[in-house]
Amino acid sequence: MRVLHVIPSVSERAGGPSAAIVPMCRALQAQGVEVLLVTTDAGIGGTKAARTADYGGIPTIFFESQLGESFKYSRPLAAWLNANAGNFNAGHIHAVFNHACVAAARAFRKAGVPYVIRPLGTLDPWSMKQKSLRKRVFWSVVGEAMLAGAAGVHYTSEVEKEATESLLGVNHGRVIPLGVEAAPQSGFVRSHDPYVLVLSRLHPKKGLDVLIDAFLEIAPRFARWRLVIAGDGPAEQSLKQQAASAGDKIVFSGWLDGDDKEAILNGASLLVLPSYQENFGLCVMEALARSVPVVVSPHVNLAREIAAANAGWIAPVEKVALAATLAEALSNEDELSKRGRAGKLLSQRYSWERVAASLVELYTEITNGRACVQRV
């Protein structure tokens, strides 16, 4: 089976969806699927001509992102899709509100190739309210046709599926979560100076301004603890200004990957993600895989599973409540360890091998002419 994956960017700085695409495709290859990834050069360095590369073990074609930091218009990418989409058994489109996704959906429909859309949480009610006028216009002009023409919609959580289908009145979705790679064996010993970790794009939707206020509220009671914020993004400067009075109690490490990312994850005693909306939260699952418990908001779509497994704490995006939850977690090392162990067990249910097997089943269904579920 040949499957073409299309995503606007593979830069990990773009967030979890881009970080997940390579391990997803590798896992599909291990299941015997022939995968090609098509994307733009956004966030990874410019290319004026199409460039074929081995990207993390995945055959990938990069096209120039010509216009729009968000939309990432690429005429050569669209032309390539129109000429080549028919050479594949199925397509998998990752995102909605980008040119690559629009072009891919049109090319697949024209070629008669069934395709799946993974909307990345962009179609749930909270996301649709952001820049709502622009999204309503997009939806009426091209978005609705993209979704209606899809053989299936790939959601990564039941919460996302419920919210999106209720809002848009569709019923052809399948929940297949993201995976997490097994944590490497490590002899790392956590520091005697413990820290709370944020490992995320620094974006206003992450609620990090509320987290900083909450941490500053409890910091005098927890002299040994620091808050380490690892990442970069549009909210970085405002967050640094907000935290300026904290001195070395709040540390901004910048973007980390590779061994640096592994070290900071292994050294953390708690990971916090207080987002206003989070479709999955890959950093959460990465922390749990390393026995690091978490504090998340109810709007992180993994919150149900975390609560059921007792792998962390759920707190609203509100200063007083979040401060109380942090104080509860930081004051009990035994409970941190207990919930960390529970998180490790929870993460074992999210293997990329299991994810790939479910995707192969979905591709088989749609290539045999069966949509996920009949539309309402």
Side-chain angles (χ1 to χ4, degrees), residues 16-17 19-20 23-24 27 121 124 154-163 174-186 188 190 194-200 206-207 211 214 261-262 264-318 321-322 324-359:
M24 179 186 293
D124 77 8
H154 171 194
Y155 302 108
T156 55
S157 71
E158 191 64 37
V159 174
E160 181 195 10
K161 179 176 183 291
E162 291 170 359
R174 178 73 56 83
V175 176
I176 302 174
L178 298 180
V180 62
E181 295 182 284
Q185 293 294 322
S186 173
F188 193 93
R190 287 184 180 148
Y195 58 88
V196 175
L197 176 64
V198 170
L199 185 65
S200 174
K206 304 294 183 176
L211 173 60
K261 176 182 174 181
E262 191 62 38
I264 207 163
L265 264 172
N266 276 305
S269 294
L270 183 70
L271 180 132
V272 184
L273 187 65
S275 297
Y276 292 101
Q277 188 275 334
E278 198 71 45
N279 186 49
F280 186 78
L282 193 57
C283 65
V284 171
M285 195 53 66
E286 288 174 332
L288 295 176
R290 291 156 179 80
S291 302
V292 178
V294 298
V295 173
V296 299
S297 78
H299 313 299
V300 174
N301 286 350
L302 283 171
R304 289 181 184 176
E305 288 78 5
I306 292 165
N310 198 31
W313 291 261
I314 315 300
V317 195
E318 190 275 322
L322 183 54
T325 301
L326 288 173
E328 177 187 346
L330 272 51
S331 63
N332 192 330
E333 292 187 12
D334 289 341
E335 191 66 19
L336 283 170
S337 297
K338 176 184 175 182
R339 298 196 190 202
R341 291 192 297 270
K344 177 76 170 180
L345 291 175
L346 174 61
S347 73
Q348 291 169 358
R349 292 160 39 190
Y350 292 81
S351 71
W352 278 116
E353 181 181 7
R354 183 177 295 184
V355 169
S358 296
L359 287 173

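In this text, all values refer to a predicted model and were calculated from it rather than measured experimentally.
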How many angstroms lie between atom [atom1] of [X] and atom [atom2] of [Y], to the nearest 0.5 angstrom?
{"X": "M24", "Y": "H154", "atom1": "CE", "atom2": "NE2", "value": "5.5 Å"}
{"X": "D124", "Y": "H299", "atom1": "CG", "atom2": "NE2", "value": "11.0 Å"}
{"X": "R341", "Y": "L345", "atom1": "CZ", "atom2": "CG", "value": "9.5 Å"}
{"X": "S200", "Y": "L282", "atom1": "OG", "atom2": "CG", "value": "11.0 Å"}

Taking every non-hydrogen atom, the tightest pair across [X] and [Y]:
{"X": "S347", "Y": "M285", "result": "CA-SD, 3.6 Å"}
{"X": "Q277", "Y": "G121", "result": "NE2-O, 3.7 Å"}
{"X": "L197", "Y": "I264", "result": "CD2-O, 3.8 Å"}
{"X": "V300", "Y": "F280", "result": "CG1-O, 3.8 Å"}
{"X": "L346", "Y": "A311", "result": "CD2-CB, 4.3 Å"}
{"X": "L336", "Y": "P293", "result": "O-CG, 3.4 Å"}

side-chain contact (heavy atoms from CB on, under 4.5 Å) partner of W313, chosen from I306, L326, L322, L270: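 Among I306, L326, L322, L270, the one that satisfies the side-chain contact (heavy atoms from CB on, under 4.5 Å) with W313 is L270.
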4.5 Å side-chain heavy-atom contact, I176 and T156: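 Of all side-chain heavy-atom pairs linking T156 with I176, none is under 4.5 Å.
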Donor-acceptor pair, side chain of S297 and main chain of S275, under 3.5 angstrom: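 Yes: the side chain of S297 pairs with the backbone of S275.
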Main-chain N/O of E160 paired to Y155 side chain as donor or acceptor, under 3.5 Å: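 No, because the side chain of Y155 does not come within donor-acceptor range (under 3.5 Å) of the backbone of E160.
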Residues L288, K344; criterion side-chain contact (heavy atoms from CB on, under 4.5 Å); working and verdict: CA-CA 5 Å; L288 295 176; K344 177 76 170 180; over 6 Å; no
Greater than 12 external heavy atoms within 6.0 Å of Q348's CD: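 Count over threshold, so yes.
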Full working for side-chain contact (heavy atoms from CB on, under 4.5 Å) between L302 and V296: CA-CA 9 Å; L302 283 171; V296 299; over 6 Å; no
Salt-bridge test for [X] and [Y]: reply yes if a basic N is under 4.0 Å from a carboxylate O, no otherwise.
{"X": "E305", "Y": "R349", "value": "no"}
{"X": "E335", "Y": "R339", "value": "yes"}
{"X": "E162", "Y": "R304", "value": "yes"}

Working for side-chain contact (heavy atoms from CB on, under 4.5 Å), residues V198 and L211: CA-CA 10 Å; V198 170; L211 173 60; 3.4 Å; yes
Verdict with supporting geometry, L273 and K206, side-chain contact (heavy atoms from CB on, under 4.5 Å): CA-CA 7 Å; L273 187 65; K206 304 294 183 176; 4.3 Å; yes
Audit row: E262, N266, side chain to side chain donor-acceptor pair (under 3.5 Å) steps and yes/no: CA-CA 6 Å; E262 191 62 38; N266 276 305; 3.0 Å; yes
